[in-house]
Amino acid sequence: MNRRAVVAGIVVVLAFVGGCTDSKKPAPASSSPSTKSDAPVKGGTLRLGIERPKSLDPAAVSPGSQSELLVADLLFDGLTHLDDKGVTAGPAIAGAWTSSPDQKSWQFTLRPDARFSNGRAIGAADVKYSLERVAKKGETSLAALRIDHIVGFGAFSTGAAPDLSGVRVVDEHILAIDLDTPLSVLPELLSAPEFGIVPKEAVEAAAPSFAAAPVGSGPFSFAGQTGDVVKLVRAAQGSAYLDGIELHEYDTADIGKSYDDFIADRLDWSLVPNDRAEDAAQRYGADNFRPFDIQLFYAFNLLDPTFADVRFRQAIVKAIDRAAIVKAVYPGIADPLVGVVPAGVAGHVDDACGEPCRFDPAASKALLAQAFPDGKVPTINLDFFTGTREAAVAGTVVSNLAAVGIQANPRPKSPEDYDPFVVTGQQQLFRFTAIGVYPSPDGYLAPLFLSGSRDNVTGFSNPQVDQELDVARATADTAGRQNLYQQAEKDIMQQAPIVPIAQIRTKAVVSRRVHDLVLTVNGTFAADKVWLSAG
């Protein structure tokens, strides 16, 4: 099991999903779509209020930070980007690609006009360098772990090999990627902001710091920073309508100030602090409260014989009232979760688990009676890390389980101690966070539930599910692949390896002068499509 991937960002992921304002005049509720009579126009600067990113380097992005993902996506392009429906990848730095029938060998042809913001042409060697920067992080990076199927990843990430052998420069404009196993969603994976293409000479220059003043490859270029305002301008060969974007940075504790500035018309878009989410929804509507790709679970240690009987696990799942937990602990911050593939990801099913996950104390008691006819229901340990919300969730879980006859002993640990503890094998029913990195069912199902996966924190192993996931990864047809993932998710949830709790939201307000700004599940938007009304 991988120690980093289990709990990456667990403590901080809720900090940025933030609030609204107490203005006397309600602000606009949502971005306005364009119409035939209201055609897009060029010009203007979009002002965004975001949480202060720790770095502008895409390889340093935290997958739990909506703001860092957004900034990386504005400044950098990867080989691909997702289409408007978030289903399949379209061209970005790469203009076209092909794969072998077994989905293990890929060849990407770069656009001949692709340029960095300093005007230099982007070549295949730049892509190799960029992917190797991420891969080198190894088990310290979720993004790196998602490309561990590339041939030679293990040797390179541990320093045993000088380069990532599975990424090959064929010529100046052609890059080949060889995989250990089939992965039909590789183009979708490579669309993630963390895989933005960077120039080696700028990254390794003594000054300026690339993390603070990067040379980008995306639709907008870094143009400088004054105080808390980062200025971006449309890339020289970019097709964006906007002339530029201003990133107004706020500390996490001051994100409410972003809303005050939004109300005062000093911003066009802003995050909403958690403690003002309900007020924001009442004042401005919730059109821009969008699902974010962070999910909160409790997971069973299936290697512990205590949970060997699936009926016991199912009884626990049915005993826990996730809707009540979300209402009490995460009001306006999250939505109840019933499945593995989150809302906002293509292939998501609204009620993937169905009846097995339905809150039903009576059915839970019946399952316990079947599993333990002698009435000797085992006492279990509930493992979680300390924090006000975590304690509240754990308290509800303990109470819910007690109501059906299951005693659960809370075992809180500090965040520092929790990370290593949950991979010791001593954990029982334990809290963890899932982040997909790339918005595909594969980003959740395969890492967490494929037998032998380094991120399989539960020890789940099921030959039928393995086959479904393996076949899905080898299936080029999008519809067929999605069907296989949906069946795998259903089969996984029938075995009750986890207790789904909640999915986090990105919460924002948008001025009416902003058009066609639609947040994706990773908190980004298609910046080249956004435009501003006059006035």
**Report entry** K413 atom NZ, over 12 foreign heavy atoms within 6.0 Å
**Finding:** yes

Report task. Could you tell me whether the side chains of E249 and Q225 share a donor-acceptor contact shorter than 3.5 Å? Result -> yes

Report task. Considering non-hydrogen atoms only, spot the tightest contact between F76 and P58 and give its length. Result -> CE1-CD, 3.4 Å

Query - Closest heavy-atom pair and its distance - F384, A391 - result: CE1-CA, 4.1 Å

Query - Test item: T80 side-chain N/O and P187 main-chain N/O as donor-acceptor pair under 3.5 Å - result: yes

Query raised in the report: Side chains of E204 and Y129: donor-acceptor distance under 3.5 Å anywhere?
Result: yes

Requested in this report: Verify whether one side chain among T109 and R111 offers a donor that lies under 3.5 Å from an acceptor in the other.
Outcome: no

Query raised in the report: Between atom CD of E194 and atom CG of L131, what is the distance when rounded to the nearest 0.5 Å?
Result: 12.0 Å

**Report entry** R431 side-chain N/O to E390 backbone N/O, donor-acceptor pair under 3.5 Å
**Finding:** no

Report task. With sequence neighbours left out, write down each residue that passes salt bridge (Lys or Arg N to Asp or Glu O under 4.0 Å) with D442, or none if nothing qualifies. Result -> R473

Query raised in the report: Around E172, counting heavy atoms of other residues, nucleotides and ligands shown, do more than 12 lie under 6.0 Å from its CD?
Result: no

Query raised in the report: Do the side-chain N and O atoms of D57 and S55 include a donor-acceptor pair separated by under 3.5 angstrom?
Result: no

Query raised in the report: Do S533 and H515 have side-chain N/O donor and acceptor atoms under 3.5 Å apart?
Result: yes

Report task. Identify the two heavy atoms, one from A59 and one from K137, that lie closest to each other, and give their separation to 0.1 Å. Result -> O-CE, 3.0 Å

Query raised in the report: Is a side-chain donor or acceptor of D293 paired with a backbone partner of I435 at a separation under 3.5 angstrom?
Result: no

Query raised in the report: Regarding K231 and the six-membered ring of F222, is the cationic atom NZ or CZ under 6.0 Å from the ring centre and inside 45° of its axis?
Result: no

Query - side chain to side chain contact (heavy atoms under 4.5 Å, CB included) partner of F195, the single match among I93, V61, I147 - result: I147

Query raised in the report: Is there side-chain contact between D516 and Y241, with heavy atoms separated by less than 4.5 Å?
Result: no

Query raised in the report: Cut-off 3.5 Å, side chains only: do Y250 and D261 have a donor facing an acceptor?
Result: yes

**Report entry** Polar side chain donor-acceptor pair, T88 to D83, under 3.5 angstrom
**Finding:** yes

Query - Backbone N/O of S62 and side chain of S65: donor-acceptor pair under 3.5 Å - result: no

Report task. Report the distance from atom CD of Q295 to atom CG of D335, rounding to the nearest 0.5 Å. Result -> 11.5 Å

Query raised in the report: So which heavy atom on W531 is nearest to which on A39, and how close?
Result: CH2-O, 3.5 Å

Query - Positive for side chain to side chain contact (heavy atoms under 4.5 Å, CB included) with L75, one of L70, L232, V230 - result: L232

Requested in this report: Identify the heavy atoms of V229 and E246 that sit nearest to each other, and give their distance.
Outcome: CG1-CB, 4.0 Å

Report task. Please check if the side chain of D73 supplies one atom and the backbone of T524 the other of a donor-acceptor pair under 3.5 Å. Result -> no

Report task. Go through the side-chain N and O atoms of D350 and H348 and say whether any donor and acceptor fall under 3.5 Å apart. Result -> yes

Query - Enclosure of K327 NZ (heavy-atom neighbours >12, cutoff 6.0 Å) - result: no

Query raised in the report: Would you say the side-chain atoms of R120 pair up with the backbone N or O of S117, donor to acceptor, closer than 3.5 Å?
Result: no

Query - Any donor-acceptor pair under 3.5 Å from K128 side chain to L164 backbone - result: yes

Query - L110 versus G123, closest heavy-atom pair with distance - result: CD2-C, 3.4 Å

Query raised in the report: Hey, are T520 and N522 close enough side-chain-wise for a donor-acceptor pair under 3.5 Å?
Result: yes

Query raised in the report: Is any side-chain heavy atom of H248 less than 4.5 Å from a side-chain heavy atom of L48?
Result: no

